[in-house]
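On a predicted model such as this, the values are computed, not experimentally measured, just so you know.
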Amino acid sequence: PAAVTEAEALAGAMSDFVYPRHGLLQEMMNKEQKWVATFIKRQREDEAEKKARTAAEAAKASRKEAFAEETIRTFLNRDIGGARGGRGTPTGSLKSSRSTGSLARAIDNAS
């Protein structure tokens, strides 16, 4: 049989050797993974909260727009024809300017 060299003997003995700092490195890596997972979780929560806030603001804006549209429709559907009935518009009022007082008459009729 061939003689086992000293290097081969040490290599076999060292295969069971655990470097003392190996456990510390594993612990540090696990802590970092936990921190990263916590950070990602918080970031996702913040993004979800921001998305919900944005949706709420959009809903609020759409309610305001709907209210404005309803107000405009109510104004347009009012009976401003007076004795003529219906929504009649005086023929001259479409071409008149403020200087003729048509705006003041329209405001007085609306009241």
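- Cluster membership for M29 and W35, using ILVMFWY side-chain heavy atoms within less than 4.5 angstrom, is not shared.
- The shortest side-chain heavy-atom distance between E70 and R73 falls under the 4.5 Å cut-off.
- In this structure, CG in L76 is found 10.5 Å from OG1 in T71, a value given to the nearest 0.5 Å.
- Within a 6.0 Å radius of CD in E32, no more than 12 heavy atoms belonging to other residues, nucleotides or ligands are found.
- Between E49 and R53, at least one side-chain nitrogen of the basic residue sits less than 4.0 Å from a carboxylate oxygen of the acidic one, meeting the salt-bridge criterion.
- Looking at K51 and E47, no side-chain N of the basic residue comes within less than 4.0 Å of a carboxylate O on the acidic one, giving no salt bridge.
- One finds the NZ atom of K34 at 9.0 Å from the OG1 atom of T38 (value rounded to the nearest 0.5 Å).
- The distance from atom NZ of K31 to atom CE of M28, rounded to the nearest 0.5 Å, is 7.0 Å.
- The CZ atom of R44 sits 6.0 Å away from the CD1 atom of I40 when rounded to the nearest 0.5 Å.
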